[in-house]
Amino acid sequence: MAGPVLDRGIGGLRDKAKRYSVFSLARQAASYHTGWQQAWRHAEPKSEYDAVIIGGGGHGLATAYYLASVHGMTNIAVIEKGWLGGGNTGRNTTIIRSNYLWDESASIYEHALKLWEGLAQDLNFNIMFSQRGVLTIAHSEHELKEMSRRVHAIRLNGIDSEILSPQEIKTFVPIMNTDQSIRYPVMGGFLQKRGGTARHDAVAWGYARAADDLGADIIQNCEVTALRRSGRRITGIETTKGVIKTSKVGCVVAGHSSVLAEMAGMHLPLASRPLQALVSEPIKPILDTVIMSNAVHMYISQSDKGEMVLGAGVDKYNSYAQRGSFPVPEHMLEAAVELFPVLSRLRMLRHWGGIVDTCPDASPIISKTDVDGLYFNCGWGTGGFKATPGSGHVFADLIANDRPNSIAEPYALKRFETGFLIDEHGAAGVAH
Amino acid sequence: MLQLNCPFCGLRDEAEFSCGGEAHIARPLAGNQLNDKDFADYLFLRDNPKGVFLERWRHAAGCRRWFNVARHTVSHEIIETYAMGSLPKSKAARQAYQESWRRKTAAEAASKPAKKGKEGR
Amino acid sequence: MAQAKSDAQQRQSATLPRQMPNPEGRQEDCLQINYHPQGLINLRNSGDVSKIMSRHFGTALPQEANRFSVSGDRRALWLGPDESLLMCADQDAAELHRTLGTQLTDQHFQLTLLSDALAVYELNGPYVREILAKGCALDLHVSVFRPGQCAQSSLDRASVTLMCEARNSFRLICRTSFADYVETWLKDAAIEYGYSVRNRLK
Amino acid sequence: MAKNKQVMRVKGGSAVQQDKLVQFTFDGKSYMGCAGDTLASALLANNVHLVGRSFKYHRPRGIMAAGAEEANALVQLGTDGRVEPNLRATQVELYDGLVAKSQNRFPSLKFDVGQVNSLLSRFFPAGFYYKTFMWPASFWMTYEKFIRNAAGLGKVGRDHNDPDRYEKRHAHFDIVIAGGGASGLMAAWQAGMSGCRVLLAEAGPRCGGWLNSVDDVEIDSQPAQDWIKKTLVRLQAMENVSVLTRTTLFGYGDHNYLTLAQTVTDHLKDKPAHLPRMRMWKVRAQQVILATGAIERPLVFSGNDLPGVMLASAAQTYLGEFGVLPGKRGIVMTNNDATWHIAFALQEAGCLVKAIVDTRPSASPALKRQAESLGIEVLSSHGITAAHGHLKVARVEVSPLTADGTDITGDALHIDCDCILMSGGLSPVVHLHSQARGKLTWDEKTLCFRPSSAHEAEQSAGACNGTFDLQRGLKEAITAAGKAAKAVGMAVQTVDVPVVDAPRINRAPMAVWSLPNGQGEGEKAFVDFQNDVTASDIKLAVREGYHSVEHVKRYTTTGMATDQGKTSNINALAILADQLGDAIPEVGTTTFRMPYTPTSIGMIAGRSIGSLFDPVRTTQMESLHRQAGAKFEHVGQWMRAWYYPKEGEDMEQAVSREVLATRQAAGLLDASTLGKIDIKGPDAAEFLNRIYTNGWLKLKVGRCRYGLMCKDDGMVMDDGVTTRLAEDHFHMTTTTGGAAGVLDWLEEWLQTEWPELRVYLTSVTEQWAVATLSGPAAKDILTAAGVDIDLANDAFPFMSMKKGHVSGLPARLFRISFTGELSYEINVPARYGAALWSTLMKAGAPFGLTPYGTEAMHVLRAEKGFIIVGQETDGSVTPLDLGMDWIVSKTKTDFIGKRALERVSMADPQRKQLVGLLTDDPNKVIPEGAHAVLDPDQPTPMAMLGHVTSSYFSPNLGHSIAMGLLKGGHELMGQTVYIPMLDGHPPIKARITDTSFYDAKGDRLNGAS
Ligand SMILES: Cc1cc2nc3c(=O)[nH]c(=O)nc-3n(C[C@H](O)[C@H](O)[C@H](O)COP(=O)(O)OP(=O)(O)OC[C@H]3O[C@@H](n4cnc5c(N)ncnc54)[C@H](O)[C@@H]3O)c2cc1C
Ligand SMILES: NC(=O)c1ccc[n+]([C@@H]2O[C@H](COP(=O)([O-])OP(=O)(O)OC[C@H]3O[C@@H](n4cnc5c(N)ncnc54)[C@H](O)[C@@H]3O)[C@@H](O)[C@H]2O)c1
Ligand SMILES: Cc1cc2nc3c(=O)[nH]c(=O)nc-3n(C[C@H](O)[C@H](O)[C@H](O)COP(=O)(O)O)c2cc1C
Ligand SMILES: [Zn+2]
């Protein structure tokens, strides 16, 4: 599983005047915050770049940042059709963990987790990475066995994981209903203490600001409408702001990957599905960790602002509408009250949906394509936020070197042809 | 929540149905020659259009019958519901059917018996 | 949709579930739950069976979808384009199963005895529609779901078939393994009105 | 009892009964209010303005609105399991004995230490936390704790068991109308007249909407409130119309699927136990008419958040509906005509209006005349540039403004006051229209977003459509309802438009959102009150490059509080547009989402919790297992007998005893939960041939065969024994958990891929109760029980089926075995299940028959090396990986999964393959799920071979046995592997073996012992 060494980028901002710190905050307070600079330039596209990243979500922005900071490619652009982070990055439930079953998964998610651990300092942007732990609950004999399998694999992969008894769970999460007579009693759980949450919007902003600082152009409100090719080579892209020449294009557009692939005459093994989430009204802290339950089917955490953040599984049909059907949140809340009766007296504040790109084996695609210079990073489905730094890091490497490193290699499109899948469905029940 | 028209039972809530994804995927016969890449077209590659989508649904909590639906994946408009084994009639859905890349795949071609096999198909 | 429209004018006279569930003084007969053993045979067939059915079952299969035909204690329910459920007295089922099996031989068919697989409940009372509507998304309005009509649907987490016998009288069919759930569910749903249980499956 | 000190109560109030006093407490102090009050109106009647503290700066806050848009007055209600935080005082209906508390303050509302945040607010502008708390890296978790405790609003109760019931129901209507104001009532009337099935839902406790608070409006020559009553009587008389009050349409989904929240008992002192607290309506509507009214906008000026600062329309409501004055000395601050009328009404009711401050250079002469006649000072081209006061507004600074309202042109006047009534114009409640994906258009005249095109079958009417004139609104409602009725196929009989006699008010405001700043840089002019977002926060966001309205929302949190920006969004985006130099419609709104107002989670969960969370399926023998002391295991939805401990036995001992008994005498297992499918038709054999990996055409009638089915990707999906009942008739069994999935799977292939095959499928899982009698004594027991079948091995060989009777019960006997012993799977119609079990147990007693559960069954089959789908497989395992090549036909040209098994990866020698594992130490049982490695001393990440799928102590062998899926396992036969332990114990050493541990030759199948 040994992968490429962790190269965190450059650490901090190049432009000293823009650096954030307690001191800069105090200085600015004196002048009523009139002196802050733009976090990133509102760039207009140049006619040509060395590489273009399509998609200004976390993964795309991270790719740009690592292209610039690790591979020294600074004549690059990120093209975003709407506003930065407005895709799934801006609407996910922010769960971060690396306790996956298969070696290939452990390798990339752990790579990401290690990057998360220094990311705020790297980017000079507090992305509020909160290592409050992620606790997955088992509710049956069968799930206990699955859990044992998982924990053994995780631990041998050198990743932290511990098993908790129902008693320990009750102490750790007093609001959970651990009554053994309920329909799906809490029979145990496994905790990754290094897992947790991060402030999702800040991740996009932090990467954008750091990439911009290194010279990358961040171009918003610019939709890619066609890919230009000459023979089997990519030569540029067409956008709503004109044509841009480039010989390397990285597509990181999550739910829209099939649409982009279509532009290249390709087809991907993806379905774009609504994934819904909701928050309650904010309350004082009652939950200090992240809880995931497959059998009762929901997961929950409490944001720093106080809302309970809840989610469950994807809707059953394909959609690009960023909204789902009511039964999903309905069942999610039934499950939530079943497991956390205290929620009964709370109120749902806001509900939303995102469009996730799900793969047949519930694992992502990080791959070259039949078109030279065209790369795809997609298929993260319901659980790619946690991978953001790792994904950007290895994708930048793939783009810069035109070959996958050992972490990315198993994720090539080829696997669907050969059958070497990385079936993480077990992890994807309510995987986030 | 969508409302679908089961061709047999009538209008019902989406909750009564299960969705089977892309419609009109013909299964290649194992007896036919097909390389792994083309076989993967059948097994894994899925149409995932932003627009008119031809898909299969099953009235799971009702008559358990499968049928086809042409649905817009952005507006969620149900353009047409039509029987299993038949082709759509509306213009938009017909176009989606005909223009689908799948019509040209080797996998689809391999769904018909190559020569008369001994055991039927 | 089309059907809804054609029914529209008749609906004018309809009473609505307007009376909010707050009856003064709850009564036991707001909902009566009565498990009733029934002979049940599932029929799947491809050809015309009307003669055979009329002769040997007592009533032909319903002509329309979502309907059932009745003759005495016999009922034939439409379940799908080639699927029906035959309901008869419990003690008649085995014999019927045999007879029909010998009569249908000239076509592709399947007759399956399901008396033990499915439980049939009779639900009676003025609030029966309100109570079923708590878990069933069908339009159960008196003007829409009328006597002679049946439908397969869900009652919350259970798959059920509903039959409307009369304005305030329904039959509910579920798998026996879901009967506990369905009974508990019905009683709980009826708390605000009051209910009585005549006969239970287990 | 508290004294009645409702000092701000005046006569009138269409909603309250002033002679019916109601007692309540707020923060421990007792007060009196009137029947019909809200908590807010009752507090105001008692001159209580300080009600809460804001989210971030803990600033004192009062009551600013009178409805769902309230941002400040959040309180906590209830005791014990009923504690509920964050309720709006403006929506809480008063009842005798109500107990309310303020929240987000410590130790008290008046003195809250959190106030220091306000003093330090300079250091806490929007997004400050992104810029700091990064050093040292490990400290974020500490900072976070403080931040989390300071944030949040109310608290949940300590008792977590909500004693209330919640109901849900479905309903269908031709036309659903949301909002019971003038427009909604009118629409309901028209729709009702057309004979449609109509639902009118009104969020508040009474219909009438804005009309409830006015006394200068006549409709059809009667006071507006009489018209409301009459209309309601009319609607009551229509059988096809239902009117639900206290019912909020909160969600508008695809295809006109609506979700409504009805409050049933919250307003009652005594809550009848049989009634739910709330009821959720899930409604499919053919047509929807939205008549949800409009919400007034505040104006943004320094100190606009002080208690005593209120929306003018709210003041009108408090006066008109509740007979309560917002204060004794008011300042009216506006940019439109409508507010003037409110000022007049207040003045007449006894609130001295010290000035009408209007940003516009001049108002209509008629208004001016009326103001003059009432003795109200008018300050045109003026604006409040600051409000001051401690815990309540006491004084304002009013400055002259330029004609466009953007700059101060002279010195400020200082005016004392105890309330400010402000209005920045109306915003139609377009939330539901937008949730339904309707488009909005910016109306340049009335300066608001109103609906343009709809996406669903939906129309808006009245104030929510931007039609603020009552006469026109009524007409619009009639038209909309007529259209809707027509669309559902009803003949429309148009009702006459009622004639309105009311002051004609020009509601077009001046384009002023925020007043110029008179306070220098430190000013606190609030845009989003609850989340403490100021105008300067929005400007800061823009300065820092957060230009998209969505970025501004997320960076500043404006519009993200529990009111979802009902009063603040338009102001925020006007300020944003101004900063960007864009027009408001260019900037656009943020996305409107469900729910319209915060909605009870308990209600959405409804009754689907506890015993109704998920069905528990049980077999006919369940009560007998219970009597025998069985412990149960959940398998899917089923409850299966797991083991039958005797007095003093633990699980291990019980299972061991059951396993031994079965091999030495006989065991009885309840196998009723296995999936059973009746398969019939001329092509049934061909169908099975395509579904299973092995051949089925040649199976003889009366014979059984084991089959394995794969998905088309070659991965094992399910297994079971299928029996040929007749040439065209089969009985298939599946795993318990896989039953439903297999039936669906078979149907799918039949209906979608092979419609030419004439095969019918019907589930018979529950039709048959199944008892598996297994062990050397099985034949004797069966004989003892009485059986009319010749049990001799040659008459009734292994893998065959016979019909007959067991102890007089009609039965199908299958001679199949999952234990390796002589076994009979006895199927009887389910009603005889219990009888069969009892009979067999009785007949078997002399032979030592022992009931065994699923755990013993697992051990017995593991001893034989039989797989369990879902345990030895996980969706990534092929038959070949399981070493079951023998069951994969080499001659069939096709079956599901065939082609996939020929892919490159399938032949990879490093695939995980099923092997047996025998530990060196016979007493060590490897934990299931543990992983095997070749070298236990390597550093992490370790090279793993794979995991242990099944592992037991085999009492028959006196040795632990295990199976595992190991990389290249078939090649590793005989090798030693190590299984590292989680608990720090040394790795377990084991040898790779074949999976068949016991009676490999299968001698025992025929009863040889
Ligand atoms: C409700 C929900 C909850 C989730 N919860 C979790 C969780 O708890 N943990 C977790 O790890 N993951 C979670 N996920 C998944 C996670 O959000 C995603 O996997 C991840 O954010 C994907 O990031 P991205 O940068 O690849 O995609 P996105 O953030 O979606 O970015 C893609 C961008 O591409 C842009 N784009 C698309 N087409 C074009 C075009 N033609 N031209 C230019 N730009 C284009 C889009 O506008 C978008 O901004 C959740 C997702 C959802 C929806
Ligand atoms: N604030 C105002 O709405 C306002 C102000 C001035 C004048 N007017 C006049 O009042 C006349 C009548 O107005 P109207 O009937 O259009 O509005 P209205 O404000 O009188 O009534 C709207 C009603 O809708 C209800 N409502 C809002 N959202 C709801 C939801 N989601 N579910 C259920 N109910 C909901 C409200 O409780 C309110 O009773 C208009 O013609 C207008 O001239 C209204
Ligand atoms: C972790 C998390 C916390 C959120 N908290 C809030 C919140 O406190 N208030 C709120 O209005 N929305 C909250 N949201 C939801 C957003 O407002 C928004 O609905 C979501 O980002 C999707 O965007 P959209 O609704 O604009 O499509 C939260 C979202 C996430 C992912
Ligand atoms: Zn149907």
Side-chain angles (χ1 to χ4, degrees), chain A residues 1 20 22 25 29 32-33 36 38-40 83 86 118 120-121 125-126 130-131 140-141 145 148-149 151-153 155-158 175 183 201-202 280-286 304-306 326 330 333-334 337-338 341-352 418-420 423 425-426, chain D residues 84-86 122-123 125 129-134 137 144 147-148 151-156 160-162 253 259 521 540 543-545 548 550-551 554 562 593-595 598-602 604-605 608-609 613-614 633-634 875-876 903-906 927-931 940-942 944 947 982:
Chain A
M1 199 189 82
Y20 295 153
V22 208
L25 195 62
Y32 294 96
H33 303 278
W36 292 111
Q38 295 211 338
W40 58 84
W83 42 283
Q121 291 69 30
F125 203 103
N126 187 357
S130 169
Q131 293 185 290
S140 67
E141 280 302 310
K145 286 179 184 170
S148 165
R149 175 182 179 192
V151 172
H152 277 96
R155 288 269 285 272
L156 294 186
N157 266 324
I175 62 168
R183 181 67 181 82
D201 295 318
S280 74
E281 293 186 320
I283 41 163
K284 296 291 178 197
I286 57 167
D304 283 352
K305 261 179 69 209
F326 188 72
E330 186 181 6
L333 291 177
E334 290 164 358
V337 175
E338 176 73 359
V342 67
L343 299 181
S344 181
R345 284 279 172 174
L346 288 185
R347 301 193 292 178
M348 166 170 73
L349 169 60
R350 187 177 172 97
H351 156 274
W352 68 94
T418 57
F420 285 107
D423 197 334
H425 271 113
Chain D
E84 188 154 332
N86 302 343
R122 215 200 247 198
F123 295 92
Y129 28 75
Y130 301 126
K131 301 186 172 114
T132 181
F133 302 130
M134 286 182 274
E144 189 186 42
I147 290 179
R148 288 187 64 196
L153 281 168
K155 288 185 192 157
V156 296
H160 294 162
N161 290 312
D162 185 346
T259 41
E521 295 293 350
L540 171 66
R543 206 176 302 134
E544 292 197 72
S548 154
E550 299 287 2
H551 280 157
R554 287 158 174 81
T562 67
R593 293 281 192 186
M594 171 177 92
T599 299
S600 161
I601 287 175
I604 298 176
S608 305
I609 52 171
F613 181 65
D614 198 33
E633 176 187 29
H634 290 275
S876 69
R903 291 174 297 164
V904 185
S905 57
M906 300 298 138
E928 281 175 359
H931 280 62
T940 60
M942 287 196 187
M944 291 170 247
H947 77 290
L982 289 180

Does [X] reach the side chain of [Y], with side-chain heavy atoms less than 4.5 Å apart?
X: R903(D); Y: T418(A); answer: no
X: L153(D); Y: I283(A); answer: no
X: S130(A); Y: E144(D); answer: yes
X: M594(D); Y: F326(A); answer: yes
X: T940(D); Y: L156(A); answer: no

Practice task
Under 4.5 Å heavy-atom distance to chain D, tell me which part of D304(A) shows up: side chain, backbone, both or neither.
Solution key: both
Problem - Segment of E141(A) engaging chain D (4.5 angstrom heavy-atom cut-off) - result: side chain
Handout entry: Short N-O contact, E544(D) and K131(D), less than 4.0 angstrom
Key = yes
Practice task
Quick one: which of S280(A), G118(A), G86(A), A153(A) has the most heavy-atom pairs under 4.5 Å with chain D, could you say?
Solution key: A153(A)
Practice task
Fit a plane to each ring of Y20(A) and W36(A), take the angle between them on a 0 to 90° scale, and name the class: parallel (under 30°), tilted (30 to 60°) or perpendicular (over 60°).
Solution key: perpendicular
Where does [X] contact chain A at under 4.5 Å (heavy atoms): side chain, backbone, both or neither?
X: E633(D); value: side chain
X: S600(D); value: both
X: T562(D); value: both
X: L540(D); value: side chain

When heavy-atom pairs shorter than 4.5 Å are enumerated against chain A, which of [options] gives the highest number?
options: S876(D), P595(D), P927(D); value: P595(D)
options: V904(D), L982(D), V156(D); value: L982(D)
options: P125(D), G875(D), P598(D); value: P598(D)
options: M942(D), R554(D), H634(D); value: R554(D)

Exercise for the section: Decide side-chain hydrogen bond (donor to acceptor under 3.5 Å, both in side chains) for H947(D) and R149(A); before the verdict, give the C-alpha distance in whole Å, the side-chain angles of both, and the deciding distance to 0.1 Å. Expected result: CA-CA 7 Å; H947(D) 77 290; R149(A) 175 182 179 192; 3.3 Å; yes
